[in-house]
**Student:** 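Please read through the structure below; I'll follow up with questions.
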Amino acid sequence: MAQECPAYVLDPEYIQQLLLCSQEAKKFAYCPYSHFPVGAALLTRDGKIFSGCNVENACYALGICAERTAIQKAISEGYKDFRAIAIASDLQDDFISPCGACRQVMREFGTNWTVYMTKPDGTYVVRTVQDLLPASFGPEDLQKIQ
Ligand code: THU
C-alpha cells in the first residue's frame, strides 16, 4: 500500500527562508492592545511564500492572528495546497504555539502539513497539523451524510 509522504521533509534552506520570512512579517504586526507581535510565513506546495501578521482591533474580538492572515492571503490569491507554516513571536524562552482557532483553519486545508513553532534565535519545534489537532472535524466529515 502506498505510504503518504511524511509532511516534514523540507530542505533546510527552505526552512531557514520560511523562518526569516515569519520574523520579517512580525515587524508589521498591528498589536497596540496586546503588545504581542506575531509573524507567520506560509509555504505553498509550489514554493510560494505568503506572510502574515496579527492585526488587532479596538473592538478586541475582531483581531486576527498572524497564521490566519497568511492563510487568507494565500486562499484569496488562489493557493490552497500548503507544505508548511512558520510562526514567530518575541517570546525568548518558548516556542510560539498556534491558538485553537488557527489550528482549525489550518486543518481545513489538510492535516498532513507542517508547522514550525519558533523562537527568535531561530530554533524551532516542528509538528504536523494532525499532531496539533488530533481527532479533528474537517470538510470531509460534511460529505458523510446524504
Ligand atoms: N497571536 C497570533 O497572531 N498567533 C499566535 O499563534 C498566538 C497569538 C496573536 C493574537 C493577538 O493579536 C496576540 O497574539 C495576543 O494573543
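Counting convention: from 1, in listed order, for ligands and their atoms alike. Source: prediction; values computed, not measured.
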**Student:** Give the residue, atom name and distance (to 0.1 Å) of the protein heavy atom nearest atom 9 (C) of ligand 1.
**Tutor:** Asn54 ND2, 3.5 Å

**Student:** Among all protein heavy atoms, pick the one closest to atom 4 (N) of ligand 1 and tell me residue, atom and distance.
**Tutor:** Glu67 OE1, 2.9 Å

**Student:** Start with the C-alpha distance between Tyr33 and Tyr60, add both sets of side-chain angles, then the distance that settles ring pair (Phe, Tyr, Trp, His ring centres under 6.0 Å), and finish with yes or no.
**Tutor:** CA-CA 8 Å; Tyr33 310 108; Tyr60 288 1; 5.3 Å; yes

**Student:** Take Arg103 and Ser97 through the side-chain hydrogen bond (donor to acceptor under 3.5 Å, both in side chains) test and state the conclusion after the steps.
**Tutor:** CA-CA 10 Å; Arg103 292 175 192 216; Ser97 182; 2.7 Å; yes

**Student:** Less than 4.0 Å is my threshold; does some heavy atom of Cys31 fall inside it relative to ligand 1?
**Tutor:**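 No heavy atom of Cys31 comes that close to ligand 1.
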
**Student:** Is there side-chain contact between Leu42 and Phe82, with at least one heavy-atom pair below 4.5 Å?
**Tutor:** yes

**Student:** Any salt bridge linking Asp90 with Lys26? Criterion: basic side-chain nitrogen under 4.0 Å from a carboxylate oxygen.
**Tutor:** yes

**Student:** Taking the six-membered ring of Phe95 as reference, does the cationic atom of Lys119 (NZ for Lys, CZ for Arg) lie under 6.0 Å from its centre and within 45° of its axis?
**Tutor:** yes

**Student:** Knowing that exactly one of Leu91, Thr69, Asn54 qualifies, which makes a side chain to side chain contact (heavy atoms under 4.5 Å, CB included) with Val38?
**Tutor:** Asn54

**Student:** For ligand 1, which atoms sit closer than 4.0 Å to a heavy atom of Cys65?
**Tutor:** 1 (N), 2 (C), 3 (O), 4 (N), 10 (C)

**Student:** For ligand 1, is Cys53 a contact, meaning one of its heavy atoms is under 4.0 Å away?
**Tutor:**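 No; Cys53 lies far enough from ligand 1 that no heavy-atom distance drops under 4.0 Å.
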
**Student:** Which is it for Ala40 and ligand 1 at heavy atoms under 4.0 Å: side chain, backbone, both or neither?
**Tutor:** neither

**Student:** Would you mind running through ligand 1 and noting each atom that sits below 4.0 Å from a heavy atom of Glu56?
**Tutor:** 11 (C), 12 (O), 13 (C)

**Student:** Evaluate side-chain hydrogen bond (donor to acceptor under 3.5 Å, both in side chains) for Glu24 paired with Ser51, printing each intermediate quantity in order.
**Tutor:** CA-CA 9 Å; Glu24 283 300 304; Ser51 63; over 6 Å; no

**Student:** Can you tell me which residue and heavy atom of the protein come closest to atom 16 (O) of ligand 1, and the distance to 0.1 Å?
**Tutor:**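 Checking every protein heavy atom, the shortest distance to atom 16 (O) of ligand 1 gives Phe36 CD2, 4.7 Å.
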
**Student:** Show the atoms of ligand 1 that are less than 4.0 angstrom away from any heavy atom in Ser34.
**Tutor:**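 The atoms of ligand 1 under 4.0 Å from a heavy atom of Ser34 are 13 (C), 15 (C).
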
**Student:** Out of all atoms in ligand 1, which are within 4.0 Å of some heavy atom of Pro98? Include the element for each.
**Tutor:** 6 (O)

**Student:** Do Ala66 and ligand 1 have an N or O pair less than 3.5 Å apart?
**Tutor:**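 By distance alone, the answer is yes.
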
**Student:** Check for me whether Arg107 meets the cation-pi criterion with Phe137, that is, NZ or CZ under 6.0 Å from the six-membered ring centre and within 45 degrees of the ring axis.
**Tutor:**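 No cation-pi geometry.
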
